[in-house]
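Read through the structure below, which is laid out as structure tokens, and then see the notes.
Everything quoted here is computed from the prediction, not taken from an experiment.
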Amino acid sequence: MDWLQKALDKSKESDTANFEFKTSSSMKNTYSSENTSGQAETRIAVREITPPNPLNEKLILTKQSDTHSVTAYNFLSAKTLSMMKGKNSNTLAITSPTSRAGTTLTAANLATSISRSLHDTVVLVELDLRKPVFYHYFGLENREKGLSDHLIDNAELKDTLIKMSGTDLVLLTAGTTLEQHPNILASPQIRQFVRDISALYSDHLIIFDLPALLDTDDALPFLQNVGASLLVVEEGINTSEHINQCTDILKNHGLLGAVLNKSKSIS
């Protein structure tokens, strides 16, 4: 868990902007520096690419990003890492009650912010295999091999991982869109995949961008594979009932807190 201690040493908490991070006392845990795996990192040769299209600079943190967005995500990254103390896990799932809440944007910017604070690798995995969007956010061609190709067509895991040039971010896109395998996130293959990637990146944070919890039954069975979770809530769209349903589910899967996204007020 060296990655966690390094991040906590370097991260500085700042005021939020555009969203709020909500926690409860029952979600807070403590972490001991003795809580480490003792395992040496397994290194893997990952294909490094420069995206053929520019990053969507309005969506992903870049050098041109506005100061408020950078500050907000730096706060979120510091808070998330702090809340992961005591989880004894390097896996984090990010989901929302309903689609379009900003889950992928939150996951992408959180991974970017943490990788910068660590100056080390963070792995970001796209799990919405029905409606993949990573290619749009990261300026990729929409034909990159990804997770579905690994699970269904036995593509080598190392051939589906992409390191973004000039960053410490490793991506695993959804790959070929899947419509005929609705239960793939509950399959033995997905459980083996999580074991494999967790072993390959045992000293790094792995973030899984999940589909919405209440729109389909895709996300729920996957949660058993992770040690921590984060809920993205869209202001004005997600109701108290939505939030209560999701927190009841996620409290058994290491719920750290909730991000209020698209907030119209600045705290």
Between Asp218 and Leu129, is any pair of side-chain heavy atoms under 4.5 Å apart?
no
Closest non-hydrogen atom pair, Leu151 against Gln189
CD2-O, 3.7 Å
Any side-chain heavy atom of Thr177 sitting closer than 4.5 Å to one from Ser148?
no
May I ask you to test the Ile152-Ile184 pair for a side-chain heavy-atom distance under 4.5 Å?
yes
Heavy-atom pair of closest approach, residues Leu161 and Val46
O-CG1, 3.5 Å
On a heavy-atom basis, which atom in Ala212 and which in Thr98 lie closest, and how many Å separate them?
CB-C, 3.3 Å
Could you check whether any side-chain heavy atom of Leu205 comes within less than 4.5 Å of a side-chain heavy atom of Ile114, counting everything from C-beta outward?
yes
Minimum side-chain heavy-atom gap Leu230-Leu110 below 4.5 Å
yes
Using every non-hydrogen atom in the two residues, find where Glu144 and Ile162 come nearest and quote the distance to one decimal.
OE1-CD1, 3.8 Å
So Leu157 and Thr160, do their side chains get closer than 4.5 Å, heavy atoms only?
yes
All heavy atoms of Gln224 vs all of Arg191, minimum pair found to be NE2-NH1, 4.5 Å
Considering residues, nucleotides and ligands other than Glu141, do more than 12 of their heavy atoms fall under 6.0 Å from its CD?
yes
Which heavy-atom pair separates Pro211 from Thr95 by the least distance, and what is that distance?
O-OG1, 2.8 Å
So does Ala78 get a backbone contact from the side chain of Ser82, meaning a donor-acceptor N/O pair under 3.5 Å?
no
